Amino acid sequence: MKELSRIYSSVAPSATLSVDAKFKQMKADGIPVVGFGAGEPDFDTPDHIKQAGIRAIENGMTKYTPAAGTVPVRKAVARRLKEDFGLDYDYTSIIVSSGAKACLFAVFSALLNPGDEVILPAPYWVSYYEQIKMTGGTPVEVFAPASQHFKITAQQLEAAITDRTKALVLNNPCNPTGMVYTKEELKALADICVRHDLYIIADEIYYCLVYGGADFVSVASLGEEIKNHTIVINGVSKAYAMTGWRCGYAACGDRQLAKVISNSISHMIGGIGAMNQAAMEEALLGPQDSVEEMRRVFEERRDYMVPRVNSIEGVSCLKPDGAFYLMMNIEKLIGRTLGGTEIRTAGDFAMAFLEKGLVAVVPCDAFGISGYVRWTYATSMDNIKEGLDRLERFLGES
Ligand code: PMP
Ligand code: GLU
């Protein structure tokens with residue numbers, strides 16, 4: 001057989017989805033495992049949103065739509081961006097596609113030429129790294145240590161820029177760290193991007209999920225020049241518990257970019273399910289109370305988990321301000337034997353904890369940091385209590 005694509009053959013499977021697949025397999029085999037792998041809200045999609053999807057099917061919304069999404073759904077995105085951040089986007093600058101994941105891929109594809117560098121603050125969500133490579137770019141990691149609350153500084157950004165740098169990925173609130181950049185921190189980073197004429201790929205998919213009074217600021221709202229350089233990536237998966245509907249969007253400060261993206265997805269995907277777009281429109285324009293209700297539940301879970309993790313000998317965590325992830329430091333466990341396995345990496349820990357402790361967590365090596373595993377608290381309080389009880393037993397027994 002002829003050789004497969006060299007770029008695609010080098011792509012690693014998504015660490016989050018791999019853990020989730022293994023967890024689901026074990027569950028299907030009757031093993032009583034508890035899952036903290038893939039981050040997706042455990043809530044059902046609110047009923048008024050489901051009904052909008054059902055109504056759309058009944059009313060014959062079962063045909064092709066424009067590749068970039070229907071006009072009403074793109075106008076709904078524009079209205080939400082206006083209401084939430086005071087941002088003005090014409091609907092023609094907005095692309096609706098198959099989840100934020102596909103929007104990100106379309107943005108990287110439209111922006112990058114071979115060898116272009118994209119600055120990627122680490123720890124990062126696993127898919128950015130692979131998508132940048134898949135679209136011919138070079139990810140340039142800038143590491144933000146725990147002492148900086150996992151946030152990069154303006155000095156670090158400036159130092160990483162070369163004449164090949166095209167863009168910065170700014171995921172705020174961040175998956176996997178849960179950290180939220182302040183307005184001042186964002187402005188300092190964005191000013192550098194504008195000065196160097198870099199695009200800012202601002203993934204704000206967790207913007208509704210901030211806790212403890214933390215203030216979320218959309219980087220695009222910090223000035224006209226910044227907005228022009230920014231592509232806001234967002235969607236309804238997390239805020240409205242709609243992961244399976246596969247609806248996300250990219251709002252482009254540069255209208256030419258929106259056109260290039262729209263052209264490319266017209267050949268690749270076409271418009272996503274018409275009925276899904278109708279449900280997304282309802283999510284964005286309909287009652288917003290469920291967003292706050294879910295946010296409050298996530299906050300309660302975070303407030304339970306953080307002190308409990310920090311009370312367990314050998315592990316620790318910082319308190320996240322947003323999203324629904326907690327990164328647990330396991331460096332003190334390196335060198336110990338747990339569940340019959342000598343722990344040398346976070347991957348060893350995660351595997352032993354899954355197989356012997358029956359708890360699924362994601363090793364953070366694929367997120368660009370070693371010595372940590374990620375828990376999601378997008379799962380019930382009962383599961384969280386059980387998972388942490390099992391952690392205590394697992395560490396105590398070994
Ligand atoms: N960005 C981040 C930071 C995420 O955690 C996720 C979760 N999968 C996505 C984008 C993609 O979300 P979706 O494709 O479900 O809209
Ligand atoms: N974003 C979620 C996570 O990081 C869902 C899985 C995925 O798409 O990667 O767990």
Side-chain angles (χ1 to χ4, degrees), residues 11-24 35-43 45 69 73 77 95-108 120-132 134 150 168-181 201-210 216 219 231-251 265 269 272-273 276-277 279-280 283-284 298 320 322-327 350 360-369 372-379:
V11 172
S14 159
T16 49
L17 297 183
S18 304
V19 168
D20 195 51
K22 183 151 172 89
F23 157 72
K24 286 183 175 141
F36 296 87
E40 67 174 336
D42 51 320
F43 305 107
T45 302
V73 81
V77 170
I95 311 288
V96 167
S97 195
S98 184
K101 206 177 248 185
C103 293
L104 280 162
F105 190 83
V107 168
F108 288 128
L120 185 56
Y124 47 77
W125 176 50
V126 56
S127 292
Y128 303 126
Y129 190 88
E130 297 296 342
Q131 287 196 359
I132 294 165
M134 285 161 85
F150 303 119
L168 164 71
V169 173
L170 201 50
N171 175 210
N172 183 41
C174 177
N175 173 8
T177 68
M179 295 304 156
V180 178
Y181 283 86
I201 301 168
D203 183 345
E204 302 184 341
I205 195 156
Y206 294 101
Y207 84 106
C208 292
L209 304 178
V210 293
F216 173 81
V219 68
I231 303 108
V232 174
I233 301 289
N234 210 322
V236 292
S237 285
K238 315 292 175 173
Y240 302 93
M242 290 178 70
T243 45
W245 296 77
R246 311 307 304 128
C247 300
Y249 65 84
I265 63 178
I269 304 176
I272 61 168
N276 301 39
Q277 295 185 55
M280 178 182 186
L284 296 171
F298 289 132
F324 38 53
Y325 304 101
L326 179 154
M327 280 206 329
V361 293
V362 187
C364 290
D365 303 74
F367 300 135
I369 186 168
Y372 286 81
V373 295
R374 189 193 79 175
W375 299 69
T376 174
Y377 46 94
T379 187

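The model shown is predicted, which means the values in this text are computed figures rather than measured ones. Order of appearance sets the numbers: ligands from 1, and atoms from 1 within every ligand.
Using a 4.5 Å heavy-atom cutoff, the side chains of I265 and F105 are not in contact. Taking the side chain as every heavy atom from C-beta outward, Y240 and L284 approach each other to under 4.5 Å. Using a 4.5 Å heavy-atom threshold, the side chains of Y325 and P320 count as separate. Residues L104 and S127 fail the side-chain proximity criterion, which asks for heavy atoms closer than 4.5 Å. Between F108 and I201, some side-chain heavy-atom pair lies under the 4.5 Å cut-off. With a 4.5 Å cut-off on side-chain heavy atoms, I272 and R246 do not count as touching. For the pair V19 and P363, the minimum side-chain heavy-atom distance is below 4.5 Å.
Enumerated by chain and number, the residues approaching ligand 1 to less than 4.0 Å through a heavy atom are G99, A100, K101, W125, Y128, N171, N175, D203, I205, Y206, S237, K238, R246.
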Using a cut-off of under 3.5 Å, which N/O atoms of ligand 2 pair up with protein N/O atoms, and what distance separates each pair?
unit_1   : atom_1 : unit_2 : atom_2 : d
ligand 2 : 1 (N)  : K238   : NZ     : 3.2
ligand 2 : 4 (O)  : W125   : NE1    : 3.2
ligand 2 : 4 (O)  : N175   : ND2    : 3.0
ligand 2 : 4 (O)  : R374   : NH1    : 3.0
ligand 2 : 8 (O)  : K101   : NZ     : 2.8
ligand 2 : 9 (O)  : T16    : OG1    : 2.7
ligand 2 : 9 (O)  : W125   : NE1    : 3.2
ligand 2 : 10 (O) : G39    : N      : 2.7
ligand 2 : 10 (O) : R374   : NH2    : 2.7

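With D203 as the partner, the side-chain contact (heavy atoms from CB on, under 4.5 Å) test is satisfied by one option alone out of N234, V169, I231, N171: N171.
Between Y206 and F298, the distance from one ring center to the other does not fall under 6.0 angstrom.
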